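Report on the following structure.
Here the structure is a predicted model, which is why all the values come from computation and not from measurement.
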Amino acid sequence: MNQANDAAAVTQRPSLLNVPMLLTWARIAMIPMIVGVFYLPDAWLTMHGKNVTACVLFTVAAITDAIDGWYARKYAQITPLGAFLDPVADKLMVCAALVVLLSLDRVDAFVALVIIGREITVSALREWMAQMGASANVAVNWLGKLKTIMQMVAIPVLLYHDPLFGVIPVAAIGTLLIYVAAALTVYSMLYYLRLAWPHLSRRE
């Protein structure tokens, strides 16, 4: 009887190569592509072509982020490796894109520092809170999700950069959106720090 139960448990255990994991690995693989496209010679791809390619790659990666989480929850395919890699892939993707935008002078250095610094701070805070057994206090909430959505909209707009239809000022819109994203980034970081403060301020 025990052997039958063990066999059933093995059968129901999510595979490390299930659909959500494949989408996560695909998102990770797109990160060097988003960066590398701007290193291609202009004779191979015009600057506009590079902008469009990077924008499409980032947008597809952002869509896979939404799909893999939904799919994993709906079909019970959540794995420890997937739970670890999913946020790591998101942060790597955002940080890599910001470095590219910074090198292209499309985002202010202070804004990039704020966003990347927040990701490092909150990740360290969550790791510390997990060690304290209070990780639920700083779990991702609606504010963190709103911040992520704003980043995922602002960054591809800045990657595209060129005026749309020759009229719509995409660069200006992207700059406005990234400032809004940075403001949400700071607010969400302060919110998480406030939740964690009772644990951080203990004298033990």
>> Within the structure provided, determine whether Ile28 and Leu92 are in side-chain contact (heavy-atom separation under 4.5 Å).
In response: no

>> Can you confirm whether Trp25 sits close enough to Leu85 that some side-chain heavy atom of one is under 4.5 Å from a side-chain heavy atom of the other?
In response: yes

>> Does either side chain, that of Gln151 or that of Thr185, offer a donor lying less than 3.5 Å from an acceptor on the other one?
In response: yes

> Measuring from Phe38:CZ to Met47:CE, what's the distance to the nearest 0.5 Å?
Replying inline: 5.0 Å

> Under 4.5 Å between side-chain heavy atoms, hopping through other hydrophobics if needed: is there a path connecting Val167 to Leu164?
Replying inline: no

> Given Arg194 and Met189, is the side chain to side chain contact (heavy atoms under 4.5 Å, CB included) satisfied, shown in steps?
Replying inline: CA-CA 9 Å; Arg194 183 176 67 84; Met189 180 182 68; over 6 Å; no

> Thr121 and Tyr192: side chain to side chain contact (heavy atoms under 4.5 Å, CB included), yes or no, with the steps?
Replying inline: CA-CA 10 Å; Thr121 302; Tyr192 287 129; over 6 Å; no

>> Check for me, please, whether Leu113 and Leu193 land in the same ILVMFWY cluster - side-chain distances under 4.5 Å, paths through other members count.
In response: no

>> So which atom in Leu102 and which in Ala109 form the shortest heavy-atom distance, rounded to 0.1 Å?
In response: CD1-CA, 3.5 Å

> For the side-chain contact (heavy atoms from CB on, under 4.5 Å) test, which of Val170, Leu177, Leu176 pairs with Ile173?
Replying inline: Leu177

> Looking at side-chain heavy atoms only, is the closest gap between Ile115 and Ile178 below 4.5 Å?
Replying inline: yes

> When rounded to the nearest 0.5 angstrom, what is the spacing between CD1 in Ile155 and CG in Leu98?
Replying inline: 4.5 Å

>> Show the nearest heavy-atom pair for residues Ala96 and Ile31, with the distance to one decimal.
In response: CB-CG2, 3.7 Å

> Between the side chains of Asn51 and His161, is a donor N or O closer than 3.5 angstrom to an acceptor N or O?
Replying inline: no

> If you round to the nearest 0.5 Å, how far is OH of Tyr187 from CG of Leu146?
Replying inline: 11.0 Å

> Would you say Tyr71 and Leu23 make side-chain contact, with heavy atoms under 4.5 Å?
Replying inline: no

> What is the minimum heavy-atom distance between Gly174 and Ala154, and which atoms define it?
Replying inline: O-CB, 4.3 Å

> About how many Å separate CG of Leu190 and CG of Leu195, when rounded to the nearest 0.5 Å?
Replying inline: 11.0 Å

> Do you know which two heavy atoms are closest between Asp65 and Asp68, and how far apart they sit?
Replying inline: O-OD1, 2.7 Å

> If you take all heavy atoms of Ala54 and Val37, which pair is closest and at what distance?
Replying inline: CB-CG1, 3.9 Å

> Donor-acceptor pair, Arg106 side chain versus Leu159 backbone, under 3.5 Å?
Replying inline: yes

> Is the backbone N or O of Ala61 less than 3.5 Å from a side-chain atom of Thr64, with the two atoms forming a donor-acceptor pair by type?
Replying inline: yes

>> Tell me which pairs pass salt bridge (charged side-chain N to carboxylate O under 4.0 Å, His left out) where either residue lies in residues 35-62, with sequence neighbours left out.
In response: Asp42-Lys50

> Cluster question for you: counting only ILVMFWY and a side-chain heavy-atom cut-off of under 4.5 Å, with indirect links fine, are Val94 and Val99 together?
Replying inline: no

>> For a 4.5 angstrom cut-off between non-hydrogen side-chain atoms, does Phe58 reach Met152?
In response: yes

>> Using 0.5 Å steps for rounding, measure from the CZ atom of Arg27 to the CG atom of Leu57.
In response: 13.5 Å

> For Met93 and Met30, what are the C-alpha separation, side-chain angles and deciding distance, and is it a side chain to side chain contact (heavy atoms under 4.5 Å, CB included)?
Replying inline: CA-CA 8 Å; Met93 186 172 66; Met30 290 181 195; over 6 Å; no

> Has the side chain of Arg118 got a donor or acceptor atom that lies under 3.5 Å from a matching backbone atom of Val186?
Replying inline: no

> Minimum heavy-atom separation for Pro156 to Cys55, with atom names?
Replying inline: O-SG, 3.4 Å

>> What verdict does the side chain to side chain contact (heavy atoms under 4.5 Å, CB included) test give for Asp90 and Thr148, after you've listed the backbone C-alpha separation in whole Å, the side-chain angles of each residue and the deciding distance to 0.1 Å?
In response: CA-CA 9 Å; Asp90 296 343; Thr148 300; 5.7 Å; no

